[in-house]
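Here is the structure we will look at.
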Amino acid sequence: MWRPLFAFLCIACAANVSAASDLPRAEELFNRTSYEASLALLDKHSSDASTNFLIGRNYLMTGEFKQSIDYLERAVQSSPGNSEYVDWLGRAYGRRAEASSNPFLAASLASKARAAFEKSVQLNPNDRDALDDLFDFYLEAPGILGGGHDKASSIAERIAALDPGEGYYDQFKLDQKRKSFDSAEQHLREAIRAAPHSVHHIIALARFLANQGRVTESDAMFAKAQQVAPNNPVVWYAQADVLIKQKRNLDEAKMLLTKYVHASITADDPPREDALRLLKQAGGA
């Protein structure tokens with residue numbers, strides 16, 4: 001009996017080696033937003049934490065929130081001390097809560113999201129992604145679900161100690177929620193001064209100015225964003241979004257979105273589906 005058993009073990013080992021060698025390629029595809037292709041390389045029955053983590057992230061990005069939670073929970077069960085795994089599980093809970101039409105389920109999932117974000121920060125107090133997610137939860141969630149501006153302000157102070165520019169940016173978001181628009185603009189300009197090469201702060205100011213009806217100033221900030229980060233697809237998307245909302249320069253907006261759809265984007269950028277939706281609004285294909 002030892003020969004068939006030996007053969008079986010060899011096959012199993014070969015399969016594990018193959019799965020391990022596929023993981024970097026699958027991660028690369030995820031980063032390039034090729035989520036279905038990434039999933040196709042991954043073993044859905046794997047007990048490996050990193051594999052389940054990547055499967056869960058892929059499902060989250062494709063809107064399959066229940067499947068995402070299932071796999072991210074497996075990853076966390078295998079590596080309960082990994083703050084990144086716990087943070088992404090919180091994101092999956094939050095996204096499913098947002099999509100749920102059942103208010104009781106949504107509230108339960110939102111509470112799980114908060115607990116996961118808090119746990120992630122507890123595991124790694126310097127995890128910027130986890131701090132950002134916890135800040136956004138406290139900022140947006142009602143008090144009954146554990147949100148609150150005072151809690152958000154406390155997290156913003158912790159972020160500022162790690163990254164002053166992001167600390168100012170978070171204060172800007174708090175000011176916007178409080179409708180303190182003069183203070184919001186001041187904090188956003190401070191964020192840009194603290195991190196002049198951070199294009200997302202410049203984009204945020206361009207959007208803010210557009211919302212205030214200061215179109216010329218907004219256009220100037222988008223031009224500055226292009227100078228700071230030439231050929232950055234996120235700048236194209238943001239400017240097109242503003243132009244479409246203002247119903248002006250729609251030909252330019254369509255050109256920017258067409259470039260975006262064909263650009264190399266990452267998992268952190270707006271999805272191509274969103275760009276196609278905006279393109280349709282602008283009268284494009």
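This structure is a prediction, so every number in the text was calculated from the model and none was measured.
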Handout entry: Cluster overlap Tyr237 with Val234, hydrophobic side-chain contacts below 4.5 Å
Key = no
Exercise for the section: Check step by step if salt bridge (charged side-chain N to carboxylate O under 4.0 Å, His left out) holds for Asp22 and Arg25. Expected result: CA-CA 5 Å; Asp22 283 341; Arg25 174 60 177 160; over 6 Å; no
Problem - Distance, nearest 0.5 Å, that separates CZ of Arg91 from CG of Leu72 - result: 10.5 Å
Exercise for the section: Give the minimum heavy-atom separation between Ser183 and Asp175, together with the two atoms involved. Expected result: OG-OD2, 2.8 Å
Problem - Same apolar cluster (I L V M F W Y, side chains within < 4.5 Å links), Tyr59/Phe65 - result: yes
Problem - Closest heavy-atom pair and its distance - Ala110, Leu145 - result: CB-CD1, 3.9 Å
Exercise for the section: Would you mind reporting whether Arg158 and Phe135 have side-chain heavy atoms less than 4.5 Å apart? Expected result: no
Exercise for the section: Indicate whether any N or O donor in one side chain lies under 3.5 Å from an N or O acceptor in the other, for Ser50 and Asp48. Expected result: yes
Completion exercise
So CG of Asn82 and CG of Asn124: to nearest 0.5 Å the spacing works out to 9.5 Å
Practice task
State, with a plain yes or no, whether a side-chain heavy atom of Lys245 is found less than 4.5 Å away from one of Arg207.
Solution key: yes
Problem - Under-4.0 Å salt bridge between Arg128 and Asp132 - result: yes
Fill in the blank from the handout: Value for CD (Glu84) from CG (Leu89), rounded to nearest 0.5 Å, stands at 12.5 Å
Practice task
Determine whether the side chains of Gln212 and Arg214 contain a donor N or O and an acceptor N or O closer than 3.5 Å.
Solution key: no
Exercise for the section: Would you indicate whether Asn102, at its atom CG, is surrounded by more than 12 heavy atoms from other residues, nucleotides or ligands within a distance under 6.0 Å? Expected result: yes
Exercise for the section: Would you confirm whether Ser120, through its side chain, and Ser83, through its main-chain N or O, come within 3.5 Å as a donor-acceptor pair? Expected result: yes
Exercise for the section: Mark yes when over 12 heavy atoms from residues, nucleotides or ligands other than Arg272 sit less than 6.0 Å from its CZ; otherwise mark no. Expected result: yes
Handout entry: Flag if over 12 foreign heavy atoms under 6.0 Å of NZ, Lys112
Key = no
Fill in the blank from the handout: Heavy-atom closest pair (Ala113 atom, Phe137 atom, distance to 0.1 Å) is CB-CE1, 4.5 Å
Completion exercise
With Arg189 as partner, the option from Glu185, His187, Gln186 fulfilling side-chain hydrogen bond (donor to acceptor under 3.5 Å, both in side chains) is Glu185
Exercise for the section: May I ask whether Tyr169 and Val235 are part of the same hydrophobic cluster, defined by side-chain heavy atoms of I, L, V, M, F, W, Y residues being less than 4.5 angstrom apart, directly or through others? Expected result: no
Exercise for the section: Identify the two heavy atoms, one from Ala191 and one from Gly165, that lie closest to each other, and give their separation to 0.1 Å. Expected result: CB-O, 3.4 Å
Handout entry: Tyr168 and His201 aromatic centres sub-6.0 Å
Key = no
Completion exercise
In terms of heavy-atom contacts, Ile155 and Leu131 come closest through CG2-O, 3.5 Å
Exercise for the section: Report yes or no: do Leu60 and Leu109 belong to one cluster of Ile/Leu/Val/Met/Phe/Trp/Tyr joined by side chain heavy-atom distances under 4.5 Å? Expected result: yes
Handout entry: Under 3.5 Å: donor-acceptor pair, side chain of Lys44, backbone of Leu39
Key = yes
Practice task
For the residue pair Phe172 and Phe208, categorise the inter-ring angle as parallel (less than 30°), tilted (30 to 60°) or perpendicular (more than 60°).
Solution key: perpendicular
Problem - In one Ile/Leu/Val/Met/Phe/Trp/Tyr side-chain cluster, 4.5 Å: Phe222, Leu243 - result: no
Handout entry: Gln77 and Tyr85 side chains, donor-acceptor separation under 3.5 Å
Key = no
Problem - Spacing of Leu54 atom CG and Glu27 atom CD [to the nearest 0.5 Å] - result: 5.0 Å
Handout entry: Closest non-hydrogen atom pair between Leu174 and Ser153, with its separation
Key = CD1-CA, 3.7 Å
Practice task
Would you mind checking if Lys254 and Asp251 are paired as a salt bridge, meaning a charged N to carboxylate O distance below 4.0 Å?
Solution key: yes
Exercise for the section: Look up atom CD1 in Ile202 and atom NE2 in His197, then write down how far apart they are to the nearest 0.5 Å. Expected result: 9.0 Å
Problem - Neighbour count above 12 (heavy atom, 6.0 Å) for His149 NE2 - result: yes
Exercise for the section: Kindly indicate whether a cation-pi arrangement holds for Arg114 with Phe117, taking the cut-offs as under 6.0 Å to the six-membered ring centre and within 45° of the axis. Expected result: no
